[in-house]
Number of protein chains: 2
Amino acid sequence: MLFFTQCFGAVLDLIHLRFQHYKAKRVFSAAGQLVCVVNPTHSLKYAPTRCAAVQASAEQGILPPCHHHEAVHDPQLVPCTCPLFSCPWEGHLEVVVSHLRQTHRISILQGAEIVFLATDMHLPAPTDWIIMHSCLGHQFLLVLRKQEKYEGHPQFFATMMLIGTPTQANNFTYRLELNRNQRRLKWEATPRSILECVDSVISDGDCLVLNTSLAQLFSDNGSLAIGIAITTSKVHSSEAEI
Amino acid sequence: MLFFTQCFGAVLDLIHLRFQHYKAKRVFSAAGQLVCVVNPTHSLKYAPTRCAAVQASAEQGILPPCHHHEAVHDPQLVPCTCPLFSCPWEGHLEVVVSHLRQTHRISILQGAEIVFLATDMHLPAPTDWIIMHSCLGHQFLLVLRKQEKYEGHPQFFATMMLIGTPTQANNFTYRLELNRNQRRLKWEATPRSILECVDSVISDGDCLVLNTSLAQLFSDNGSLAIGIAITTSKVHSSEAEI
């Protein structure tokens, strides 16, 4: 009898392991589109006014890096752009992607159109959902943030940043789309450069903004699916890409 | 000398009158689209919790009229659906449109696609911008409302209601589109029936919602242009309409 009980326990363990395997499979394909399951990360460095000075300078055409360092000695070096952690790393723009992948374990996805499936939308603010998206020869950082801009009233903010310069960013248009229950919400804009700091984009509200009630309307079982598409914004560039 | 001064004054008056005439011309055509200039109206009956009971009943499939009357004796009669005023009028659904036009002076526009140009977005909440839109054989009420759902943080809410029953409303899809400065925001949904009460739709947040910062990004000189399009949501209906 004990033997059978143990056997049954082992079978249950196997089923559980298999289930965990499916849960851990973060990228799958649905209806021809790449779906990426993105788990939330509690931001460890959230400071709403951190980039006020950066934004003021950006408006004047100067783009100092968004960092916690004393000073960046080499103007060609940029600090770590990970929105989650205060990281002392700095390096050339070309190696930011490998730093984000290797040190901060941010996933990277290929494809012109992907679905970003953010789980556990109910978690308290501040929370971030982040992936990198490789498309049209460039890498983009997609950030979905739950934040209480007004105390007691969390909102969701979604934006896409190019891991490149502001001049390069001007060549692209990104689209975020929510579609559920006969409702559709689309946001289209030029991505900002990662040098402009994601915190300032969110504090300006220049991104897709969702109240909790709207986020719930678009959520399914606590997860929010955001369709992402990136195109080149200039006609000659888009022709070249096609 | 006095004669010349008076003549000059008369010419100035004429120029001023002509300017006023242009300002008063509320509907004009731009790039093939009908543009309707909609001035704000300070809501006289704003009460955020007025329709909580109505919404609860609507979810159960019952749709009591949204009113301030003691009782509606004839179930075929509906109360005045004007979101601006507490009005004792009640009548059949077929005559709501003429009541809104004649008593509350709400303009009505024809056309499949129109531009709703709301002026004076800076005015304090609560403020409403309202027009009726006649399209595909039905009349719709477009309401843009500035409201402080959270004290000190005004937001803009835009929705479209069918002046008809919920069953009729299910046959349509409305689209509201903002487009300015390389940014585009689109909201698509099934219109609600006017019997469901605009206040409850807005308090649920089941509509296009804009923070003040986003509204400013889309505004031009204090006015917000919203592109409106209505289509039939069922294939056979849309073929019949075309």
Side-chain angles (χ1 to χ4, degrees), chain A residues 48 55 59 147-160 162 166 169-192 200-219 227 229-234, chain B residues 48 55 59 147-160 162 166 169-192 200-219 227 229-234:
Chain A
Q55 181 55 21
E59 280 165 8
Q147 187 176 316
E148 285 190 15
K149 214 170 168 179
Y150 312 124
E151 213 183 316
H153 306 297
Q155 288 179 300
F156 293 89
F157 302 86
T159 189
M160 209 139 197
L162 175 77
N170 279 337
N171 295 325
F172 298 96
T173 299
Y174 75 98
R175 190 182 74 217
L176 304 179
E177 184 171 341
L178 304 169
N179 192 349
R180 198 169 171 263
N181 283 333
Q182 297 177 298
R183 287 161 184 85
R184 188 177 292 182
L185 186 64
K186 270 190 203 179
W187 165 260
E188 265 180 50
T190 303
R192 299 285 194 93
S200 65
V201 172
I202 287 172
S203 64
D204 289 353
D206 187 9
C207 54
L208 178 65
V209 186
L210 287 178
N211 283 339
T212 317
S213 54
L214 259 188
Q216 278 173 345
L217 273 169
F218 284 110
S219 293
I230 297 173
T231 50
T232 45
S233 49
K234 288 176 185 169
Chain B
Q55 181 56 20
E59 279 165 8
Q147 186 175 316
E148 286 190 15
K149 214 169 168 179
Y150 311 123
E151 213 184 317
H153 306 296
Q155 288 179 299
F156 292 89
F157 302 85
T159 190
M160 208 140 198
L162 176 77
N170 279 338
N171 295 326
F172 298 97
T173 299
Y174 73 98
R175 190 182 73 217
L176 305 179
E177 184 172 341
L178 304 169
N179 193 349
R180 198 170 172 261
N181 282 334
Q182 296 177 300
R183 287 162 185 84
R184 187 177 294 184
L185 186 63
K186 271 189 202 179
W187 165 260
E188 266 180 49
T190 303
R192 299 284 194 93
S200 64
V201 173
I202 287 172
S203 64
D204 290 352
D206 187 10
C207 55
L208 178 66
V209 186
L210 286 178
N211 283 337
T212 316
S213 54
L214 260 188
Q216 278 173 345
L217 274 168
F218 283 111
S219 294
I230 297 174
T231 50
T232 45
S233 49
K234 288 176 185 167

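In what follows, chains carry the letters A, B, and so on, assigned in the order in which the sequence lines appear, proteins first and then strands, with residues in each chain numbered from 1. Computation of the quantities below employed the complete heavy-atom set of this structure, encompassing side-chain atoms and omitting hydrogens, waters and symmetry-equivalent molecules.
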Enquirer: Quick one: CD on A:E188 to CG on B:L185, what's the gap to the nearest 0.5 Å?
Expert: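 That separation rounds to 10.0 Å.
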Enquirer: Sequence neighbours excluded, which residues qualify as side-chain contact (heavy atoms from CB on, under 4.5 Å) partners of A:N179?
Expert: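 For A:N179, the residues satisfying side-chain contact (heavy atoms from CB on, under 4.5 Å) (neighbours in sequence not counted) are A:E177, A:R184.
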Enquirer: Which region of A:L217, side chain (C-beta onward) or backbone (N, CA, C, O), has a non-hydrogen atom less than 4.5 Å from a non-hydrogen atom of chain B, or is it both or neither?
Expert: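 For A:L217, the side chain is the part near chain B, not the backbone.
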Enquirer: Using non-hydrogen atoms and a limit below 4.5 Å, what part of residues 150-160 of chain B faces chain A?
Expert: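 So far as heavy atoms go, B:Y150, B:H153, B:Q155 are the residues that approach chain A to under 4.5 Å.
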Enquirer: Under a 4.5 Å heavy-atom cut-off, does chain A meet the side chain of B:F218, its backbone, both or neither?
Expert: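 The side chain, not the backbone.
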Enquirer: Could you work out, with side-chain contact (heavy atoms from CB on, under 4.5 Å) as the rule, every residue matching A:T231, not counting sequence neighbours?
Expert: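 So A:T231 forms a side-chain contact (heavy atoms from CB on, under 4.5 Å) with A:T173.
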Enquirer: As an exercise, state the distance from CG of B:D204 to CD of A:Q216, rounded to the nearest 0.5 Å.
Expert: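 Between B:D204 CG and A:Q216 CD, I get 11.0 Å after rounding to 0.5 Å.
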Enquirer: Which residues in residues 205-215 of chain A have any heavy atom closer than 4.5 Å to a heavy atom of chain B?
Expert: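 Listed by number, the contacting residues are A:G205, A:D206, A:C207, A:L208, A:V209, A:N211, A:S213, A:L214.
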Enquirer: Look up atom CZ in A:R183 and atom CH2 in B:W187, then write down how far apart they are to the nearest 0.5 Å.
Expert: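 The distance works out to 6.0 Å.
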